[in-house]
A.B. asks: 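Below are the structure tokens for one structure; questions will follow.
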2 protein chains.
Amino acid sequence: MKNQERSLRHESRLNQMLSRVRDRHFRLTPQRMAILQILANSEEHPTVEDIYQQVKTRFPTTSLATVYKTIALLKELDEVLELGFPDGSNRYDGNRPYPHPHAICTKCKKIMDPEISSVDELSEEMRQKTGYTISFHRLDFFGLCPECQDKP
Amino acid sequence: MKNQERSLRHESRLNQMLSRVRDRHFRLTPQRMAILQILANSEEHPTVEDIYQQVKTRFPTTSLATVYKTIALLKELDEVLELGFPDGSNRYDGNRPYPHPHAICTKCKKIMDPEISSVDELSEEMRQKTGYTISFHRLDFFGLCPECQDKP
DNA sequence: TCCTTTGCAGATAACGGTTATCAAGAAATA
DNA sequence: TATTTCTTGATAACCGTTATCTGCAAAGGA
Ligand SMILES: [Mn+2]
Ligand SMILES: [Mn+2]
Ligand SMILES: [Zn+2]
Ligand SMILES: [Zn+2]
């Protein structure tokens with residue numbers, strides 16, 4: 001079943017995050033634990049504000065700064081993928097913390113992970129033709145999601 | 001000769017920009033002409049500040065706002081490609097005003113246009129697998145350019 | 001040519017998500 | 001328990017972009 005796979009992946013991701021945090025001897029505060037859980041469990045590429053609102057339901061005194069700092073920590077550990085946008089906003093993927101393509105709805109801002117052919121061949125072609133040493137990439141497809149195509 | 005090709009393309013691009021501006025009955029002021037020339041002639045994906053500094057050598061009283069407004073005009077006419085970055089900065093390509101891959105040096109910030117296999121097949125695969133109607137994309141490869149690889 | 005209308009240039013204030021800063025509190029260490 | 005280090009929460013600062021406003025200049029009509 002699809003949902004079960006997902007649950008397993010989420011649990012696995014949380015454990016991975018937790019061990020990385022512990023290995024580096026960072027403290028595992030309740031706020032941090034909550035943020036890690038949210039990132040490990042979400043498939044929606046949440047914004048900082050999304051995460052903030054969710055954390056506050058469990059720990060109402062949590063500061064926005066704590067969310068930013070925990071995300072910075074996870075970035076340092078390579079345990080979250082940050083998708084920065086030109087308007088200054090960010091979206092986060094805690095499930096697949098490595099570069100991968102995204103489909104972005106220009107209307108409702110939903111972001112999904114498509115299962116698509118790898119772009120590693122393009123990366124290799126790039127290296128050969130430009131002489132650059134490619135360390136990472138970013139591939140976004142913009143358009144309308146099925147839901148937004150229906151309601152005009 | 002490579003440089004000659006480039007000159008021809010630049011001239012062609014400038015003419016294309018000019019006719020679009022005229023067709024829509026926008027006024028062709030000296031400042032606008034200067035900015036169009038800079039964008040048509042540059043291969044370096046200049047920043048707004050780059051353009052501003054160049055324009056000021058010919059028209060010292062030019063305001064930064066005029067540069068922004070002219071770029072906004074060209075975007076409306078689909079005559080310039082804007083590459084927005086998460087830090088809020090932008091780079092512009094007046095030569096190829098349509099989505100195409102870029103190689104970005106993470107050290108010196110140089111951006112180049114690689115001649116690479118098209119990503120249209122990926123776009124099509126995307127459409128089929130996600131149900132999104134893809135209208136444009138963005139593909140960036142990050143790494144070190146040949147020059148920056150040498151000097152550590 | 002004069003007058004009216006419209007568009008553009010230049011200057012500057014406002015914007016907003018992120019980052020930096022700092023005091024207070026909590027956890028590790030001895 | 002005392003001391004050190006880390007973390008939280010609150011808030012100021014950041015900075016390229018965007019919005020706003022005023023004065024000027026180019027079109028267009030009579
Ligand atoms: Mn993703
Ligand atoms: Mn380009
Ligand atoms: Zn949508
Ligand atoms: Zn370089």
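By convention in this document, chain letters (A, B, ...) are assigned in the order of the sequence lines, proteins followed by strands, and residues within each chain are numbered from 1.
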A.B. asks: Heavy-atom contacts under 4.0 Å between residues 15-42 of chain B and DNA chain D, which residues?
C.D. replies: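 Those residues whose heavy atoms fall under 4.0 Å from DNA chain D, taken from residues 15-42 of chain B in numerical order, are B:R27.
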A.B. asks: In residues 47-63 of chain B, what residues come within less than 4.0 Å of DNA chain C, judged by heavy atoms?
C.D. replies: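 The answer is B:T61, B:T62, B:S63.
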A.B. asks: To the nearest 0.5 angstrom, please state how far the CZ atom of A:F141 sits from the OG atom of B:S123.
C.D. replies: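 Going from the CZ atom of A:F141 to the OG atom of B:S123 covers 4.5 Å.
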A.B. asks: Which whole-number value in Å describes the distance from B:Y68 OH to D:dC15 P?
C.D. replies: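 In whole Å, D:dC15 P and B:Y68 OH are 14 Å from each other.
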A.B. asks: Should the ring pair B:H100 and B:H45 be called parallel, tilted or perpendicular, given that the plane angle runs from 0 to 90° and is split at 30 and 60?
C.D. replies: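 If you compare the ring of B:H100 with that of B:H45, the planes turn out tilted.
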A.B. asks: Indicate whether OP1 or OP2 belonging to D:dT17 is found under 4.0 Å from a side-chain N or O atom of B:N90.
C.D. replies: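 Yes, B:N90 has a side-chain N/O under 4.0 Å of OP1/OP2 on D:dT17.
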A.B. asks: Examine the side chains of B:Q37 and B:R58 and answer whether a donor and an acceptor come within less than 3.5 Å of each other.
C.D. replies: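 The answer is yes; a qualifying pair exists.
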A.B. asks: Under a 4.0 Å threshold between the charged nitrogen and the carboxylate oxygen, would B:K2 count as salt-bridged to B:E5?
C.D. replies: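 No, no charged N to carboxylate O under 4.0 Å.
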A.B. asks: Compute whether any side-chain donor of one residue and acceptor of the other, for B:S118 and B:E121, lie under 3.5 angstrom apart.
C.D. replies: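 A pair is found: one side chain offers a donor N or O, the other an acceptor, under 3.5 Å apart.
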A.B. asks: Look at B:E147 together with B:K107 and state whether they make a salt bridge at an N to O cut-off of under 4.0 Å.
C.D. replies: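 So B:E147 does not pair with B:K107 through a salt bridge.
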A.B. asks: So among B:V48, B:L83, B:T47, which one has a side chain to side chain contact (heavy atoms under 4.5 Å, CB included) with B:Y92?
C.D. replies: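 The single option meeting the side chain to side chain contact (heavy atoms under 4.5 Å, CB included) with B:Y92 is B:V48.
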A.B. asks: Before you tell me yes or no, could you show the steps for B:F85 and B:D140 under side chain to side chain contact (heavy atoms under 4.5 Å, CB included), namely the whole-Å CA-CA distance, both residues' side-chain angles and the distance that decides it to 0.1 Å?
C.D. replies: CA-CA 11 Å; B:F85 291 92; B:D140 293 343; 4.1 Å; yes
A.B. asks: List the atom of A:L18, the atom of A:L36, and the distance in Å for their closest heavy-atom pair.
C.D. replies: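 Closest pair (atom of A:L18, atom of A:L36, distance): CD2-CD2, 3.8 Å.
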A.B. asks: Any protein N or O atoms within reach of nucleotides 19-22 of chain D? Criterion: under 3.5 Å, listing atom names and distances.
C.D. replies:
none

A.B. asks: Find the distance B:L64:CG to C:dA9:C1' and express it as a whole number of Å.
C.D. replies: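 Result: 13 Å.
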A.B. asks: How many Å lie between CZ on A:F85 and C1' on C:dG16, as a whole number?
C.D. replies: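 About 17 Å, once rounded to whole Å.
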A.B. asks: Quick check against the 3.5 Å criterion: does B:R91 have a side-chain atom that pairs as donor or acceptor with the backbone of B:L81?
C.D. replies: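 Between the backbone of B:L81 and the side chain of B:R91 there is no qualifying donor-acceptor contact (under 3.5 Å).
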A.B. asks: Charged N to carboxylate O under 4.0 angstrom, B:K129 versus A:E115?
C.D. replies: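 So B:K129 does not pair with A:E115 through a salt bridge.
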A.B. asks: At 4.0 Å (heavy atoms only), tell me whether B:D87 reaches a base, stays on the sugar-phosphate, or touches nothing.
C.D. replies: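 Here B:D87 touches no strand at all.
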